[in-house]
Amino acid sequence: MKVVTWNVNSLTARWERVREFLETRQPDIVVVQETKQNDEKFPFRALQDLGYDSAHYGQGQWNGVAILARDEVSDVRRGFGDGDPEARVISARVGSHRVYSCYVPNGRSLDNPHYQYKLEWLAKLRDEVAAREGESLILGGDFNVARSDLDCWDPAGWEGSTHVSPPERLALEEILRAGVDDLARLLHPDETLYTWWDYRQGSFRRGWGLRIDYLLADAASASRLLDVYVDRETRKGEKPSDHAALVAEFASPD
DNA sequence: ATGTCACAGTCCCTGTGA
C-alpha cells in the first residue's frame with residue numbers, strides 16, 4: 001500500500017501535475033493540502049475517472065484539504081468540530097484506517113496572533129490523536145514545523161522564526177507522544193529529507209529546504225512500513241508546487 | 001534585488017499570504 005502526503009499549493013493550478021502523479025505513481029491513498037478550491041470546483045468526477053474516491057473540505061481561495069483513495073472514502077469528518085472556519089483538517093475511513101489530511105497554520109511570526117492559533121491547532125490535533133488510541137491511524141500533512149535542526153538547511157538563519165521555535169516543536173512532539181510515529185525519521189534517522197523549498201532564490205537547486213511535511217502512523221501500521229521517501233520529481237519541471245510529495249509504502253496486513 | 005507563485009479585486013496591475 002502506497003500512501004502519499006502532498007501540499008499542492010492550489011489544485012486548480014496543479015491539476016495536470018496531480019493527474020500525472022496519480023497515473024504514473026499509482027498511489028493507494030493521497031492526502032492533499034492547500035487545494036484552494038471550494039467543493040463545487042473540486043474534481044470529484046475526474047478523480048473517479050482515474051480510479052479514486054475522494055473527500056474534500058474546501059474554503060475558496062485559501063486552505064482546503066482532501067483525501068483521495070482507491071478504496072472507498074467513508075465516514076468523512078471535516079474540521080475538529082470546534083467552529084473553526086478555516087478548512088485545515090479532514091479525516092475519513094479508508095479500508096481499516098482512519099486517515100487524516102492536515103494543513104497546520106503557518107504562524108506568520110512569533111509575535112503574530114496566528115502563531116498562537118498554530119499552537120492551539122496543534123494541541124487540538126494532539127487531543128484528536130489521543131482520543132483515537134487503539135485505532136489504525138495514518139496522518140499526513142503540511143505541519144509547518146521542522147521537527148529538529150536536521151530538518152532545516154540553516155538553523156542559525158531560522159533562529160527566531162516560525163517553523164523551528166521550541167513551542168511548536170514541542171507541540172509536534174506531543175502529537176507523536178499521543179501515539180503516532182514520524183515515518184520518514186523512523187526509517188531514516190540521520191538523513192536530510194526536506195519536503196519544501198521556497199520558490200525564491202533557486203532554493204531547490206541550492207538545497208535550501210525544510211522538512212515540514214509528515215506522514216505519521218500508529219505503531220502497528222508503522223511496523224508494516226517498507227519504504228519512505230521524498231518524491232523529488234514532484235518539485236521539478238513545469239509549474240511545480242513548492243512542496244514535494246512524501247511517500248510511504250506499507251506491506252499489506254494479512 | 002525578498003532571484004516566486006497563486007489568488008481576488010482594485011481586474012492586465014496590486015496587495016496579501018505563503
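Reckoned from all heavy atoms, side chains included, excluding hydrogens, waters and symmetry mates.
Ionic pairing of A:R200 and A:D242 is not present here: no N-O contact between side-chain nitrogen and carboxylate oxygen is shorter than 4.0 angstrom. A salt bridge links A:R211 with A:D151: the closest approach of a Lys/Arg side-chain nitrogen to an acidic carboxylate oxygen falls below 4.0 angstrom. For A:R25 and A:E233, the salt-bridge test fails: no basic side-chain N is under 4.0 Å from an acidic carboxylate O.
OP1 or OP2 of B:dA6 has at least one side-chain nitrogen or oxygen of A:K239 nearer than 4.0 Å. For the OP1/OP2 pair of B:dC7 and a distance below 4.0 Å, the side-chain nitrogens and oxygens of A:S10 include at least one atom meeting the criterion. Residue A:Q61 places none of its side-chain N or O atoms closer than 4.0 Å to OP1 or OP2 of B:dC7. Under 4.0 angstrom from either OP1 or OP2 of B:dA6 there lies at least one side-chain N or O belonging to A:R14.
Where A:R205 and A:D142 each meet DNA chain B at their nearest nucleotide, the meeting point lying more 5' is that of A:R205. Nearer the 5' end of DNA chain B, as judged by each residue's closest nucleotide, is the contact made by A:R200, out of A:L11 and A:R200.
For A:W62 and B:dA18, the CH2 to P distance is 7 Å, given to the nearest whole Å. Atom pair A:H243:NE2 and B:dT4:P shows a separation of 18 Å (rounding to whole Å applied). Rounded to an integer number of Å, the gap from CH2 of A:W15 to C1' of B:dA6 is 19 Å. For A:R235 and B:dT4, the CZ to P distance is 12 Å, given to the nearest whole Å. Between the CH2 atom of A:W196 and the P atom of B:dA18 there is a distance of 12 Å, rounded to whole Å. Between A:K36 atom NZ and B:dT16 atom C1' there is a gap of 11 Å when expressed in whole angstrom units. Summarising the geometry, the separation between CG on A:N63 and P on B:dA18 is reported as 8 Å, rounded to the nearest angstrom. The distance from atom CH2 of A:W208 to atom P of B:dT4 is 13 Å, rounded to the nearest whole Å.
A donor-acceptor pair shorter than 3.5 Å cannot be found between the side chains of A:Y194 and A:R235. The closest side-chain donor-acceptor pair between A:N7 and A:E34 falls under 3.5 angstrom.
Using C1' as the reference atom, B:dT4 and B:dT10 are 22 Å apart when rounded to the nearest Å. When the C1' atom is used for both B:dC12 and B:dC7, the distance is 15 Å, rounded to whole Å. Straight-line distance between the P atoms of B:dC13 and B:dA1: roughly 26 Å, to the nearest whole Å. A gap of 15 Å separates the C1' atoms of B:dA6 and B:dC11, to the nearest Å.
Across all strands, A:S241 comes closer than 4.0 Å to no nucleic acid atom at all (heavy-atom distances).
Within residues 100-108 of chain A, the residues that have a heavy atom under 4.0 Å from DNA chain B are, in order of number, A:Y103, A:N106, A:R108.
Using cut-offs of 30° and 60° on the angle between ring planes, the pair A:W196 and A:H243 is tilted. Using a 30° and 60° split on the angle between ring planes, A:F21 and A:W6 fall in the tilted class, from 30° to 60°.
Between A:F80 and A:W121, a ring centre-to-centre spacing shorter than 6.0 Å is recorded.
The side chain of A:R206 lies closest to B:dG3, out of B:dA18, B:dG17, B:dG3.
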